[in-house]
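Protein chains get the first letters and strands the later ones, always in sequence-line order, with residue 1 at the start of each.
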There are 2 protein chains.
Amino acid sequence: MVWCSRETSRLLCPIGKIKSKRQQAIADREQDLLVIAEQIMEREGFSALTMDKLVSACSYSKGTVYNHFNSKEDLFCALCIKSMKQLLHLFRRASHFEGHHRERMLAIHFAYRLHAMTRPTLFLCVLTAQTPAVREKSSAERLQQQTELDQEVTKICTSILEQAVAAGELTIATPEYVDALTFASWAISFGSNALMSGDCDSGVIERLDAEKALLFNVSLLMDGMGWLPLSREWDYQNSWQRIGSELFAAELLAISDMDKAPISQF
Amino acid sequence: MVWCSRETSRLLCPIGKIKSKRQQAIADREQDLLVIAEQIMEREGFSALTMDKLVSACSYSKGTVYNHFNSKEDLFCALCIKSMKQLLHLFRRASHFEGHHRERMLAIHFAYRLHAMTRPTLFLCVLTAQTPAVREKSSAERLQQQTELDQEVTKICTSILEQAVAAGELTIATPEYVDALTFASWAISFGSNALMSGDCDSGVIERLDAEKALLFNVSLLMDGMGWLPLSREWDYQNSWQRIGSELFAAELLAISDMDKAPISQF
DNA sequence: ACCTGAACACCGTTCAAGT
DNA sequence: ACCTGAACACCGTTCAAGT
């Protein structure tokens with residue numbers, strides 16, 4: 001992997017390769033730090049996350065923390081990467097949903113929404129990591145890893161689209177069309193989720209509304225693609241629920257527990 | 001305006017009302033400060049914008065600057081508001097485009113893309129202002145003004161949609177459907193622009209690609225709505241160009257000058 | 001009623017000394 | 001080869017004194 005050339009003398013930790021015991025320990029420590037950072041944000045808000053607080057909340061020294069993240073922004077970038085890795089796992093599961101290919105793509109969008117709900121903090125880290133102030137000060141390695149993950153996510157969508165074409169569900173003018181359709185799918189999902197997470201101050205009713213809106217938006221887009229069966233010929237509301245119960249039952253249970261907790265407490 | 005109750009003893013400056021000469025001077029100063037802040041970001045990058053730099057770049061004292069913005073994040077929020085006001089102006093112009101209603105909605109999307117290109121810094125301020133770290137520390141007044149502007153933008157879209165329904169271009173199941181369609185339009189535009197501005201390091205070819213992708217995405221969505229004439233019955237590529245030349249000729253000229261400038265200089 | 005800038009607390013980052 | 005934490009520079013914010 002060419003991009004792994006390290007001009008900075010940071011901790012050795014080749015990505016996606018077999019690690020020595022020492023390297024593994026370092027990687028574990030990094031995961032510890034990310035968990036602690038996430039906890040600070042959840043407890044005290046995003047702006048409360050400072051390097052000082054992270055250092056005093058963990059068992060390592062300032063210098064060691066800075067061996068992992070060469071700036072506060074780099075830490076945010078690392079959180080964004082963690083978020084995208086989780087998303088990728090959900091997407092892989094979604095891509096094997098038992099149904100036709102349009103339903104599988106819907107499962108991808110379901111997974112994205114699910115991630116935004118179950119891990120709101122990590123989801124917002126992705127948003128924050130798109131910010132120029134963060135990108136300017138993140139390490140080249142991590143920015144590269146970010147685009148790599150982006151490509152892997154894209155690959156999953158592309159593959160579903162290609163299968164749909166092969167199955168005759170979808171007709172495309174040229175092969176490059178698939179990339180355009182992937183981008184459109186990604187854009188509607190990102191846009192919907194980002195705009196919805198803006199005012200997520202309310203409770204359960206809002207959540208159901210948000211899901212409905214996403215399903216609606218995605219359905220419009222796929223109908224526009226001419227992806228069969230069209231929404232007037234198929235009950236995607238039902239597909240949506242099937243995806244939830246067959247693929248993500250455990251995660252949804254965790255959410256409803258989260259919803260209940262604050263109510264029973266106050 | 002109820003929400004204008006000011007618990008903080010900040011500078012008096014009622015929004016959208018007639019201002020006294022003194023209040024006008026204060027409002028002008030605020031605009032000065034925003035221009036300077038924008039210049040700092042353009043010259044030195046987003047992370048270079050500090051309150052110290054803003055103070056030394058302007059002719060006012062630290063205390064005075066803090067009378068306008070009660071935190072650095074509040075300053076970002078103010079820049080976001082400025083950005084949205086400019087957007088609103090462009091949208092109003094777009095909404096009067098000479099053509100059918102689907103073309104008018106397309107003009108809205110054109111205006112959004114145009115704004116992202118001509119004022120990239122301000123556009124990215126909107127993205128930054130969605131970030132929880134900024135929202136947490138912005139003043140209640142400005143956050144309120146932000147949602148007010150959001151609503152005004154929404155109103156323009158809604159009105160175009162309603163006119164399209166009245167003209168028989170578009171059929172909707174229930175009146176609330178209009179809100180859902182507005183949200184979908186907003187989501188595809190925001191999503192496309194946000195994702196595209198992520199890697200806007202390149203030149204002219206990229207720009208044309210970005211425009212093509214946006215037109216493509218929007219067309220898919222509107223086709224999905226069943227908004228007549230459908231993209232297979234009408235040349236929206238041509239509409240796109242007409243919008244540019246008839247509505248935003250001056251702005252487009254400014255962009256091509258910007259593109260040329262760095263080439264001739266280096 | 002508003003402006004000023006010194007003063008303060010905290011935060012991000014570095015690096016010489018240690019193991 | 002990596003860890004440590006004192007030290008430093010800078011940044012955000014406040015507020016008593018001034019007009």
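- A donor-acceptor pair under 3.5 Å links the side-chain atoms of Q130(B) to the main chain of V126(B), judged by distance alone.
- When the nucleotides dT13(C), dT13(D), dC2(D) are ranked by their closest atom to the side chain of K137(B), dT13(D) comes out on top.
- Distance NZ (K72(B)) to C1' (dA9(C)): 17 Å, rounded to an integer number of Å.
- With rounding to the nearest 0.5 angstrom, the SG atom of C125(A) is 4.5 Å from the CZ atom of F46(A).
- With respect to E30(B) and K82(B), no salt bridge is recorded, no charged nitrogen being found less than 4.0 Å from a carboxylate O.
- Straight-line distance from the CZ atom of R29(B) to the C1' atom of dC3(C): 8 Å, rounded to whole Å.
- Identified under the salt bridge (Lys or Arg N to Asp or Glu O under 4.0 Å) test for residues 187-196 of chain B, with sequence neighbours left out: none.
- The CZ-P distance, from R22(B) to dC2(C), rounds to 6 Å in whole Å.
- Straight-line distance from the CD atom of Q23(A) to the C1' atom of dC2(D): 14 Å, rounded to whole Å.
- Judged by distance alone, the side chain of T128(A) and the main-chain N or O of L124(A) form a donor-acceptor pair under 3.5 Å.
- Side-chain atoms of K137(A) and D74(A), non-hydrogen and from C-beta on, never get closer than 4.5 Å to each other.
- Atom CG in N67(A) sits roughly 14 Å away from atom P in dT13(C) (whole-Å rounding).
- Counting only heavy atoms from C-beta outward, the side chains of N217(A) and H109(A) never approach each other to under 4.5 Å.
- One finds the CG atom of N70(B) at 7.5 Å from the CD atom of E141(B) (value rounded to the nearest 0.5 Å).
- Not counting sequence neighbours, the partners of E251(B) by the salt bridge (Lys or Arg N to Asp or Glu O under 4.0 Å) test are R93(B).
- Remark: T64(A) is in phosphate contact with dT4(D), judged by side-chain N or O atoms under 4.0 Å from OP1 or OP2.
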* To do: Map every base of DNA chain C to its dot-bracket character, where paired means a Watson-Crick or G-U wobble contact with both distances under 3.5 Å and | marks a partner outside the strand.
  => ||.|||||...|||||.||

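- Contacts between residues 31-61 of chain A and DNA chain D, counted as heavy-atom distances below 4.0 Å, involve S61(A).
- The closest side-chain heavy-atom distance from S83(A) to L87(A) is not below 4.5 Å.
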Using the 3.5 Å cut-off, write out each protein N or O paired with an N or O of nucleotides 14-19 of chain C and the distance between them.
none

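- Every pair passing salt bridge (Lys or Arg N to Asp or Glu O under 4.0 Å) that includes a residue from residues 40-50 of chain B is listed here, sequence neighbours excluded: E44(B)-K53(B).
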